[in-house]
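Below is one structure, written out as structure tokens, with a few remarks after it.
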2 protein chains.
Amino acid sequence: MKMHNPPHPGEVLRELCLKPLGLTVTHAARALGVSRKTLSSILNGRAGVSPEMAVRLSLAFGTSAESWLNQQTQHDLWHVERRRKKLRVARFSAA
Amino acid sequence: MKMHNPPHPGEVLRELCLKPLGLTVTHAARALGVSRKTLSSILNGRAGVSPEMAVRLSLAFGTSAESWLNQQTQHDLWHVERRRKKLRVARFSAA
DNA sequence: TCATCTTGTAACCACATACGTCACACTTGC
DNA sequence: GCAAGTGTGACGTATGTGGTTACAAGATGA
């Protein structure tokens with residue numbers, strides 16, 4: 001029953017991980033072992049958090065990989081739910 | 001701390017949705033609005049449950065789209081965790 | 001036996017995404 | 001001016017989802 005656009009994980013990542021530690025995108029990308037572009041895309045919501053990236057984040061920041069993926073799931077789901085009416089699907093139960 | 005390979009969502013889908021209703025793959029695919037191949041791939045673990053498919057499943061079977069995606073997340077995560085040692089990532093916190 | 005249904009799967013195509021490099025333009029601070 | 005940091009576009013590679021088509025194998029019924 002969430003009505004508002006959940007923030008993409010990149011936004012959370014920037015606010016909760018990069019900013020508190022005073023990390024630049026360049027430095028964080030190097031530490032995570034990905035390209036600056038890859039991290040930038042995530043931070044700006046142009047790419048999602050892949051399972052592998054979730055594990056990288058968990059290793060670097062001591063957080064839970066699951067939490068990053070769940071955030072991504074929520075975000076993805078919100079976008080699909082908006083067009084759920086366009087999906088022609090027959091119902092089997094729960095009339 | 002899960003040590004065993006979590007079943008792919010397709011396995012669960014077949015056991016908990018198709019079998020109880022006596023649905024054939026062909027019929028279920030038609031009802032879901034996807035090709036028979038698409039559903040078959042998921043059932044046999046050759047494809048994951050995409051966000052859109054999760055919504056289709058929730059519409060058809062009255063289940064939660066989130067639960068399907070979470071199962072998929074767990075499954076994906078399990079595979080990546082197995083190679084987490086190969087990821088060269090610097091740690092910032094939680095020494 | 002023959003026809004039909006169901007199923008898995010391979011071949012092939014379209015499209016999207018994750019990721020990389022290289023390059024460019026912009027902003028900020030020295 | 002110059003360097004650092006940043007966003008982003010072009011371009012290539014790999015992978016994944018999904019569609020169609022077609023084939024082989026098994027079950028089922030006439």
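Note that these values count all heavy atoms, side chains included, but never hydrogens, waters or copies made by symmetry. Residue numbers start from 1 in every chain, and the chains themselves are labelled A, B, ... in the order their sequence lines are given, proteins ahead of strands.
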Verdict with reasoning, Leu21(A) to Cys17(A), per side-chain contact (heavy atoms from CB on, under 4.5 Å): CA-CA 6 Å; Leu21(A) 294 177; Cys17(A) 297; 5.7 Å; no

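- With values rounded to the nearest 0.5 angstrom, Trp68(A) atom CH2 is found 13.0 Å from Ser50(A) atom OG.
- Under the side-chain contact (heavy atoms from CB on, under 4.5 Å) criterion, Pro7(A) pairs with Glu11(A), Val12(A), sequence neighbours left out.
- Between Met53(B) and Leu43(A), the residue anchored closer to the 5' end of DNA chain D is Leu43(A), taking for each the nucleotide with the nearest heavy atom.
- Nucleic acid contact class of Ser40(A) (heavy atoms, under 4.0 Å, all strands): base.
- No side-chain heavy atom of His8(B) sits less than 4.5 Å from a side-chain heavy atom of Leu43(B).
- For the contact set between residues 26-39 of chain B and DNA chain D, defined by any heavy atom under 4.0 Å, the members are Gly33(B), Val34(B), Ser35(B), Arg36(B), Lys37(B), Thr38(B).
- The side-chain contact (heavy atoms from CB on, under 4.5 Å) test applied to Ser64(B) returns Glu66(B), Ser67(B), not counting sequence neighbours.
- The stretch residues 81-88 of chain B does not touch DNA chain C, since none of its heavy atoms comes less than 4.0 Å from the strand.
- Listed by first and then second residue, the salt bridge (charged side-chain N to carboxylate O under 4.0 Å, His left out) pairs that reach into residues 19-29 of chain B are Glu15(B)-Lys19(B), sequence neighbours excluded.
- Counting 5' to 3', DNA chain C first comes under 4.0 angstrom of a heavy atom of chain A and last does so at the ends given by dA18(C) to dA23(C).
- Residues of residues 6-18 of chain B having a heavy atom closer than 4.0 Å to DNA chain D: none are found.
- The stretch residues 34-45 of chain A participates, sequence neighbours left out, in no salt bridge (charged side-chain N to carboxylate O under 4.0 Å, His left out) pair at all.
- Under the salt bridge (charged side-chain N to carboxylate O under 4.0 Å, His left out) criterion, the residue pairs touching residues 67-84 of chain A are Glu81(A)-Arg84(A), Arg83(A)-Glu52(B), with sequence neighbours excluded.
- Between Phe61(A) and Leu13(A), the closest side-chain pair of non-hydrogen atoms falls below 4.5 Å.
- Computed from coordinates, the Arg46(A) CZ to dT6(D) C1' distance equals 12 Å when rounded to whole Å.
- Counting only residues at least two apart or in different chains, salt bridge (charged side-chain N to carboxylate O under 4.0 Å, His left out) contacts with residues 38-48 of chain B are absent.
- Once rounded to the nearest 0.5 Å, the distance linking CG of Asn70(B) with CG of Leu77(A) reads 9.0 Å.
- Atom OG1 in Thr73(A) sits 11.5 Å away from atom NE2 in His75(A) (nearest 0.5 Å).
- Within the 4.0 angstrom heavy-atom criterion, only backbone atoms of the sugar-phosphate kind lie near Thr24(A); the bases stay farther away.
- Side chains of Ser35(B) and Thr38(B): a donor on one and an acceptor on the other come within 3.5 Å.
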Can you give the donor-acceptor pairs under 3.5 Å from side chains of residues 22-34 of chain A to other protein atoms, not counting sequence neighbours?
| from | atom 1 | to | atom 2 | distance (Å) |
| --- | --- | --- | --- | --- |
| Thr24(A) | OG1 | His27(A) | N | 3.0 |
| Thr24(A) | OG1 | His27(A) | ND1 | 3.2 |

Sugar-phosphate or base contact per nucleotide [nucleotides 25-30 of chain D; S, B, -; heavy atom under 4.0 Å]: ------

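- With rounding to the nearest 0.5 Å, the separation of CZ in Phe92(A) from OG1 in Thr63(B) is 12.0 Å.
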